[in-house]
Amino acid sequence: MALLHDDLARAPAAGIDRRALRDAERIKAMLGCIHSRYAEPLTVADIARSAALSPSECLRCFRRTVGRTPTRYLRDVRLRQTAALLAGTGMPVAEVAARCGFDDVSYFTRTFRAQRQLTPTAFRQASRAGTGETAP
């Protein structure tokens, strides 16, 4: 978010066009929504509302600016948060998933494995082995 803010501050001097500036402001609002509410059930409509957009314009703007859909970005944020909790706590996998917005543990496990090539439990064990910690 800080990098985006720096880009916005330099926008007039760098000659960024109006659409790019408008998209940057919208993205800032949508990213703020995702990062502050990732643990809640969020839809594209919810994310769009945070920037006063229609869902279709939200999708277009997000893809154009971020390079992926808001839903995929949300999933990636959730997965990063679960990885941090798995590595840093002894919280049960189901609780980690729920705290990060995954209401289906099976879906969470499949998605986590697809991204990390490890199950959540194996990731936790590997992260602890790498730091020398033992499970609490």
Side-chain angles (χ1 to χ4, degrees):
M1 294 273 289
L3 292 175
L4 182 61
H5 181 68
D6 292 345
D7 288 344
L8 291 174
R10 288 192 305 267
I16 294 177
D17 68 18
R18 285 192 157 165
R19 182 170 107 176
L21 188 57
R22 184 185 68 225
D23 283 355
E25 287 293 333
R26 291 171 167 179
I27 289 297
K28 184 177 176 182
M30 290 187 281
L31 292 178
C33 172
I34 290 170
H35 284 274
S36 66
R37 298 177 53 199
Y38 68 87
E40 302 171 25
L42 274 179
T43 65
V44 171
D46 296 327
I47 296 165
R49 256 191 307 281
S50 73
L53 299 173
S54 69
S56 58
E57 181 58 22
C58 167
L59 287 166
R60 280 191 297 273
C61 179
F62 217 93
R63 279 192 200 117
R64 186 171 52 239
T65 309
V66 178
R68 53 189 153 162
T69 66
T71 306
R72 182 158 183 194
Y73 185 87
L74 172 62
R75 187 194 67 206
D76 291 346
V77 167
R78 287 174 170 166
L79 288 170
R80 277 193 303 275
Q81 294 299 323
T82 60
L85 286 175
L86 288 167
T89 72
M91 201 180 298
V93 171
E95 187 176 345
V96 167
R99 284 191 180 204
C100 294
F102 290 99
D103 57 353
D104 180 339
V105 178
S106 296
Y107 171 73
F108 162 65
T109 300
R110 281 192 315 275
T111 305
F112 192 92
R113 184 185 319 194
Q115 187 182 66
R116 301 276 180 161
Q117 288 73 51
L118 292 170
T119 64
T121 302
F123 175 83
R124 172 178 275 159
Q125 291 167 345
S127 67
R128 296 202 176 198
T131 62
E133 292 181 20
T134 58

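Note that the structure is a prediction, hence the values are computed from the model and not measured.
Looking at residues two or more places apart in sequence or on another chain, you find no side-chain hydrogen bond (donor to acceptor under 3.5 Å, both in side chains) involving S106. Residues that satisfy the ring pair (Phe, Tyr, Trp, His ring centres under 6.0 Å) test with F62, not counting sequence neighbours, are Y73.
In this structure, F112 is a member of the same hydrophobic cluster as M91, with clusters built from ILVMFWY side-chain heavy atoms closer than 4.5 Å. I47 and V44 end up in different hydrophobic clusters when Ile, Leu, Val, Met, Phe, Trp and Tyr side chains are linked at under 4.5 Å. V77 and L31 end up in the same hydrophobic cluster when Ile, Leu, Val, Met, Phe, Trp and Tyr side chains are linked at under 4.5 Å. L59 and I27 fall into different hydrophobic clusters, where Ile, Leu, Val, Met, Phe, Trp and Tyr residues are linked whenever their side-chain heavy atoms come under 4.5 Å apart, directly or through other members.
Between atom CG of residue L86 and atom CD of residue Q125 there is a gap of 11.0 Å, rounded to the nearest 0.5 Å. Atom CZ of R99 sits about 7.5 Å away from atom CG of L85, to the nearest 0.5 Å. Of the inter-residue distances, the one linking L74 atom CG with L42 atom CG reads 5.5 Å to the nearest 0.5 angstrom. A distance of 6.5 Å separates OG1 in T111 from CG in L79, rounded to the nearest 0.5 Å. Interatomic distance, Q115 CD to R75 CZ, rounded to the nearest 0.5 Å: 7.0 Å. For the atom pair S54 OG and R49 CZ, the distance stands at 12.0 Å (nearest 0.5 Å).
A donor-acceptor contact shorter than 3.5 Å is absent between the side chain of R26 and the backbone of C58. Remark: side-chain polar atoms of S127 are paired, donor with acceptor, to backbone N or O of R124 under 3.5 angstrom. A donor-acceptor pair is defined here as one N or O able to donate and one able to accept, closer than 3.5 Å; no such pair exists between the side chain of R37 and the backbone of G32.
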Evaluate L53 against M30 for side chain to side chain contact (heavy atoms under 4.5 Å, CB included), listing each step before the verdict.
CA-CA 10 Å; L53 299 173; M30 290 187 281; 4.0 Å; yes

Quick one, E25 with R22, criterion salt bridge (Lys or Arg N to Asp or Glu O under 4.0 Å). Give me CA distance, side-chain angles, the key distance, then yes/no.
CA-CA 5 Å; E25 287 293 333; R22 184 185 68 225; over 6 Å; no

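No more than 12 heavy atoms of other residues, nucleotides or ligands sit less than 6.0 Å from atom CZ of R72. Enclosure of atom CZ in R113 is not indicated, since only 12 or fewer non-hydrogen atoms of other residues, nucleotides or ligands lie within 6.0 angstrom.
A donor and an acceptor atom, one from each side chain of T119 and T121, are nowhere located under 3.5 Å apart.
Nearest heavy-atom pair, I34 versus P70, reported as atom, atom and distance to 0.1 Å: CD1-O, 4.2 Å. Here the closest heavy-atom approach between residue R128 and residue G90 is recorded as NH2-N, 3.6 Å. C100 approaches R78 most closely through the heavy-atom pair O-CG, 2.9 Å.
In this structure, the side chains of E40 and D46 stay at 4.5 Å or more apart for every pair of heavy atoms.
Ring pair F102/F108 is tilted by interplanar angle, where 30° to 60° counts as tilted.
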